[in-house]
Amino acid sequence: MTQVELIALAYQFGLAVAFLILSAAGLAVIFGMMGIVNMAHGELIMIGAYGTSIANRHGLPLVLAALCGVLASTATGVLLERTVIRRFYDRPSESLVMTWAIGLFISQAALIVFGPSLPSISSPLGSVAFGGFSLSIYGLLLIAFGLAVPVAIYLLLSTTTFGLHARATMQNVEVARAIGINSGSVYSATFALGAGLAGLAGALYAPTMSAVPNMGGSFIVQAFVTVVTGGGNLVYGTLPAAAGLGLVQTALTAVFGNLVGVLGLLAAVIVSAKLFPNGLAHRLSGKRFS
Amino acid sequence: MRSVLRLLEGDQTIGRGLPFWGLMSLLFAGALAFGVTAGSFAVENCSYFLVWVFMALGLAFMWGLGGTMSFGQTAFFGIGGYCYAILSTNWGVESGLTMAAALLSLAAVALSAAVLGYFVFFGGINGVLVSITTLAVTLGLETFLSQTAGPKWAIGRAELGGFNGISSMPPLTVPWHGDNVEITGRSLYFGLIIFVAITYLALRILANSKVGDAMVAVRESPLRAEALGYDVKAILFVGFVVGSVLAGLSGLLYAGWGQYISPDTMGLSAAALPIIWVAVSGKDLTATMVGTVVLLGLSQALAIYGSQYALVSLALILVVSIMGCPKGVFETLLRRIDSIGGPGDQNSKPVRKSSLDRSEVLL
Amino acid sequence: MKYLRATAVCSALLVGFPLLAAAESPIKIGLLEDQTGILAQGGLPKVHGAELAVAEINAAGGVLGRPLELVVYDAQSDNQRYQEFARRLTQSDKVDVLMGGLTSASRVAVQPIAERTKTLYFYNNEYEGGTCDSNMAITGVVPEQYLALIPWMLKNVGKKVYIIAADYNFGQILGLWVRKLVKENGGTLVGEEYIPLSVSQFGQTISNIQAAKPDFVFTAMVGSNQVAYFQQASAAGLKIPMASPINGTLLYEHKQLPRPVMANMYLGVNYMEELKTDENKGFVERWRAKYPNEPYINQPGEDSYVGVKLYAEAVRAAGSAERTAVIKAIETKDICTESPEGKICFDKSTHHVSHRIHIVKVEADHSVTTVQDLGIVQPSWLGTMGCDLTKKAESKQFTPEEPKH
């Protein structure tokens with residue numbers, strides 16, 4: 001393998017891992033904190049992308065438009081948490097069905113309001129050529145975000161008061177309440193954070209995909225498997241899980257093609273469930289967050 | 001016999017006494033009367049709803065009692081449907097061979113459920129990882145089958161057909177005086193009604209037997225159950241296989257009903273549906289049986305009369321009903337009925353805590 | 001849907017066809033299309049196309065003095081719904097003909113029900129070809145028609161071809177066709193990839209193409225996930241010409257995606273809204289008058305319109321809407337209709353339809369220019385495989401053979 005091919009492959013690996021991390025981040029935060037599997041995660045991603053696309057079409061530059069997308073999904077998250085989700089803490093299976101129904105509602109409402117698709121936005125930054133290959137520079141930005149998001153969440157959880165309260169609530173909600181932490185507002189803030197991260201994924205990928213009501217579907221399977229394989233912790237769970245799954249997928253896709261890549265990812269999930277029945281985070285962090 | 005029949009009522013099922021069984025008999029008689037009096041289309045359409053009930057009952061059994069939330073129901077539905085399609089296409093309808101195809105399909109489903117169940121439960125996978133493992137298997141199967149187009153993917157005379165699936169296999173038949181009578185239309189409907197009733201009663205007996213008690217013990221606390229001497233893995237395994245075989249039964253009946261089976265019966269959106277039916281109805285067997293038919297009817301009616309608002313309305317109805325009855329609409333309703341009419345056995349407060357333990361999910 | 005039925009009848013009455021016709025019972029067309037769910041973008045125009053055709057036919061006095069009536073159900077992009085509603089249409093609504101279905105899977109779901117209930121089924125859609133079925137009429141284009149594009153590309157653009165296609169029936173079978181055509185026309189295949197429908201990230205595929213350096217890429221990408229390929233390829237600086245029978249006609253990528261993502265795409269089409277023929281000009285005007293908010297008149301929309309027109313001609317020729325009479329008419333008489341493509345006709349022996357094929361190019365500003373008009377192309381392949389429904393009634397599916405290595 002030449003150096004050029006190696007770089008191209010490394011870039012593919014980076015893209016695959018970034019996609020898994022960014023798809024999964026919002027889901028991981030909510031799952032890790034509250035044990036809720038948010039089935040409307042894909043629709044929150046779609047709201048992020050729609051917000052970005054619509055704002056961009058109304059003349060906002062891409063960076064500000066992306067911010068609008070993130071705000072839109074965060075606001076939706078807050079609204080959902082206030083009205084519905086907060087009644088379903090400690091009820092993982094009911095919340096799963098509830099969020100599934102909410103997801104269905106959001107995607108079908110988007111179809112009615114915005115029609116079957118929105119015009120896509122163009123990918124900024126152009127491409128860079130080297131040795132017969134050329135890569136999208138925007139892809140490099142996605143990789144950077146893929147690494148920055150877990151780091152930022154880690155810092156948020158380890159250095160701020162919110163982080164302290166959040167970790168306490170995560171470990172033992174009764175004790176946290178007893179020492180005066182308002183677990184309700186911690187949950188609300190976490191859900192909003194998770195929704196915002198979902199919106200961020202949508203905003204970041206909006207220029208690389210077509211904006212359709214069901215676009216969340218392209219993220220959701222990868223997000224689920226990454227989060228559950230990793231366990232509910234971004235740094236100790238999602239990050240290594242994404243790296244592992246991304247490596248398997250990239251290698252298999254490069255050698256055997258896309259079908260084996262997809263099947264291999266699913267097989268890796270099963271193998272990982274067998275090897276780490278309590279999730280990667282549990283293994284890597286020595287039960288720190290779970 | 002008596003001791004078995006006594007298990008029709010018990011801690012793990014809702015409904016006891018004359019009022020409840022009176023109501024159920026009425027329901028059964030009503031269903032039979034409908035089959036006699038309604039138009040042929042209405043009857044066939046109802047057959048379609050009944051086809052799915054087995055899969056839902058299977059999930060209610062493994063999830064409601066044992067706490068195993070499997071996304072694999074549609075995988076076994078697909079295996080059942082595909083096996084029936086392949087076998088019956090190859091064998092044809094002569095001398096009751098479709099029945100043999102159906103039975104062999106069920107055996108294939110049982111075998112594959114046993115393999116997966118063994119891997120999952122004896123491999124130490126638990127909690128939400130069971131759900132994700134079964135989901136991965138389901139999606140893997142769907143992805144694989146979708147690309148099996150063309151003559152190179154054929155088993156005997158049956159081409160797998162890729163994304164288009166297999167069609168035009170024979171419906172179920174029974175040999176009758178040297179002829180083969182198709183079980184379609186009304187005969188299929190009556191067959192299904194009786195089969196649903198038998199399955200329902202059998203599951204009730206199983207739920208109230210030692211097996212059911214053990215499953216609930218495991219659901220409430222695997223650790224405690226183990227300390228009490230239960231073989232936790234074996235119990236979860238049994239529940240999983242029973243539930244999965246019922247999903248396979250739905251699959252082969254579906255294939256026989258419409259002479260069609262395709263990979264998208266296993267996709268992500270299809271895989272979520274049984275879970276929705278069971279959760280919205282309530283994880284009790286009676287609630288699931290009634291609720292599944294009602295929900296299927298409702299979503300079809302919305303698709304017919306709701307135009308573009310069909311799916312939005314369905315979503316809204318689901319949200320409202322879970323808000324109103326977190327334990328399931330029909331389970332809540334049944335408990336009402338039970339508390340009015342039952343003979344009030346003091347010791348029989350059902351011990352069901354319907355959600356997974358939070359700690360289990362976090363693990 | 002009652003509302004739809006009512007409007008269809010009302011609009012028919014309003015335009016005032018002869019009183020005699022009003023007294024006759026309508027000919028019922030049962031239409032099943034995806035109006036919600038993931039295929040809605042492709043399916044919605046099909047309902048409009050059928051409605052437009054019905055309105056025009058009724059305004060001109062109906063068929064055999066009888067008005068046409070559409071009974072429409074939304075299949076919600078769900079094959080099970082196709083089965084439920086095909087039964088409803090045939091057994092409860094008792095329609096004279098079934099129409100609809102976007103994917104081949106939906107066609108296969110409806111087929112056995114149409115067969116058992118003895119209802120004629122019109123599948124009005126481009127597809128991968130190969131269905132030889134007495135009980136069906138297939139009015140869309142098939143590979144031997146739209147893939148006239150490949151020899152043209154090999155002659156005019158270059159000899160080295162890379163295939164990327166969705167990993168299911170449509171994509172795989174098109175792959176076989178393209179392989180065969182490339183070999184026969186002196187081209188070389190430098191790579192081929194079949195991609196599962198769930199894949200939405202195409203980095204590896206793009207660098208594979210860059211490494212293989214083809215003269216053009218044949219794309220048969222299907223569904224909203226796979227449309228992302230074009231954006232990602234463009235962002236990665238891939239500027240190789242493309243050829244496709246579908247990426248532009250179904251989900252109108254050149255209208256949806258930012259310029260110049262689809263530049264240098266060559267399409268072999270029977271219909272695009274932009275085609276500048278006289279027949280199409282009037283059609284677009286009538287469509288836009290009835291549906292001013294249509295994002296784009298896609299090819300399935302036109303197919304659906306033409307399907308209804310062809311059915312009306314077949315009934316006229318048969319003198320009856322009864323199934324066997326209509327089938328017999330298709331197999332024995334010359335049944336043609338004026339369409340936005342020009343005059344197109346049924347092929348008696350295979351129940352498929354001739355189409356006028358254009359090769360068009362998407363420019364950098366995403367406008368569409370016609371580079372060649374190939375005229376009417378016959379659906380000839382099934383005949384060479386031995387399908388002759390005039391001689392033998394049957395229901396068979398043919399697939400092209402794998403080329404020997």
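As a basis for the values below, the full set of heavy atoms in this structure was taken, side chains included, without hydrogen atoms, waters or symmetry mates. Residue numbering restarts at 1 for every chain, and letters A, B, ... go by the order of the sequence lines.
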J.: Hey, what do you get for CZ (C:Phe202) to OG1 (A:Thr208), rounding to the nearest 0.5 Å?
T.: 10.0 Å

J.: Please list, in residue-number order, every residue in residues 196-206 of chain A that has a heavy atom less than 4.5 Å from any heavy atom of chain C; write 'none' if there are none.
T.: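 Within residues 196-206 of chain A, the residues that come under 4.5 Å of chain C (heavy atoms only) are A:Tyr205, A:Ala206.
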
J.: Are any non-hydrogen side-chain atoms of C:Ser200 and A:Phe19 less than 4.5 angstrom apart?
T.: yes

J.: Is it the backbone or the side chain of A:Pro207 that comes under 4.5 Å from a heavy atom of chain C, or both, or neither?
T.: backbone

J.: I'd like to know if the side chain of A:Ser123 reaches the main chain of C:Ala235, judged simply by a donor and an acceptor atom lying under 3.5 Å from each other, with no hydrogens or angles considered.
T.: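 Looks like no, no N/O pair under 3.5 Å.
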
J.: Distance check, rounded to the nearest 0.5 Å: C:Ser198 atom OG versus A:Leu265 atom CG?
T.: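 So the gap between those two atoms works out to 9.5 Å.
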
J.: Regarding C:Gln256 and A:Ser117, is there a side-chain donor-to-acceptor distance under 3.5 Å anywhere?
T.: yes

J.: Please round to the nearest 0.5 Å and tell me the distance separating atom CD of A:Gln12 and atom CG of C:Asn208.
T.: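 Atom-to-atom, A:Gln12:CD and C:Asn208:CG are 8.0 Å apart.
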
J.: What part of A:Leu135 gets within 4.5 angstrom of chain C, counting heavy atoms only: side chain, backbone, both, or neither?
T.: backbone

J.: Given the options C:Glu193, C:Gln201, C:Gln232, which has more heavy-atom pairs under 4.5 Å with chain A than any of the others?
T.: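 Counting heavy-atom pairs under 4.5 Å, the top option is C:Gln201.
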
J.: Could you tell me which portion of A:Leu104 (side chain, backbone, both or neither) has an atom closer than 4.5 angstrom to a non-hydrogen atom of chain C?
T.: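 For A:Leu104, no heavy atom lies under 4.5 Å from chain C.
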
J.: Picking from A:Asn214, A:Leu263, A:Val212, A:Thr250, which has the most non-hydrogen pairs under 4.5 angstrom with chain C?
T.: A:Asn214

J.: Does the side chain of A:Gln108 reach to within under 4.5 Å of the side chain of C:Thr36, using non-hydrogen atoms?
T.: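 Yes, side chains in contact.
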
J.: How far does CD1 of C:Ile38 sit from CG of A:Leu111, to the nearest 0.5 angstrom?
T.: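 Spacing of CD1 (C:Ile38) from CG (A:Leu111) equals 12.0 Å.
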
J.: Out of curiosity, A:Ser120 OG to C:Lys255 NZ, how far, rounded to the nearest 0.5 Å?
T.: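 With rounding to 0.5 Å, OG (A:Ser120) is 14.0 Å from NZ (C:Lys255).
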
J.: Quick check against the 3.5 Å criterion: does A:Ser134 have a side-chain atom that pairs as donor or acceptor with the backbone of C:Ala236?
T.: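 Indeed, once roles are kept as given, a pair shorter than 3.5 Å links the two residues.
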
J.: Pick from C:Gly237, C:Gly42, C:Pro196, C:Ser234: which one has the most heavy-atom pairs with chain A under 4.5 Å?
T.: C:Pro196

J.: Measuring only between side-chain heavy atoms, which start at C-beta, is A:Leu9 closer than 4.5 Å to C:Gln204?
T.: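 Yes; the side chains approach each other to less than 4.5 Å.
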
J.: Below 4.5 Å from any heavy atom of chain A, which atoms of C:Val261 appear? Answer side chain, backbone, both or neither.
T.: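 Interface part for C:Val261: neither.
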
J.: Under a 4.5 Å heavy-atom cutoff, which of C:Ser207, C:Gly37, C:Ala40 has the most pairs with chain A?
T.: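 Of the candidates given, the most pairs with chain A belong to C:Ser207.
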
J.: CD1/C:Ile195 to OG1/A:Thr253 distance, rounded to the nearest 0.5 angstrom?
T.: 10.0 Å

J.: For the candidates A:Ile121, A:Ile112, A:Leu15, which exhibits the highest count of non-hydrogen atom pairs separated by less than 4.5 Å from chain C?
T.: A:Ile121

J.: Can you tell me which portion of C:Tyr229 sits under 4.5 Å from chain A's heavy atoms? Options are side chain, backbone, both or neither.
T.: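 Nothing of C:Tyr229, per the 4.5 Å heavy-atom cut-off to chain A.
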
J.: Using side-chain heavy atoms (C-beta onward) and a distance below 4.5 Å, is C:Asp167 in contact with A:Asn258?
T.: no

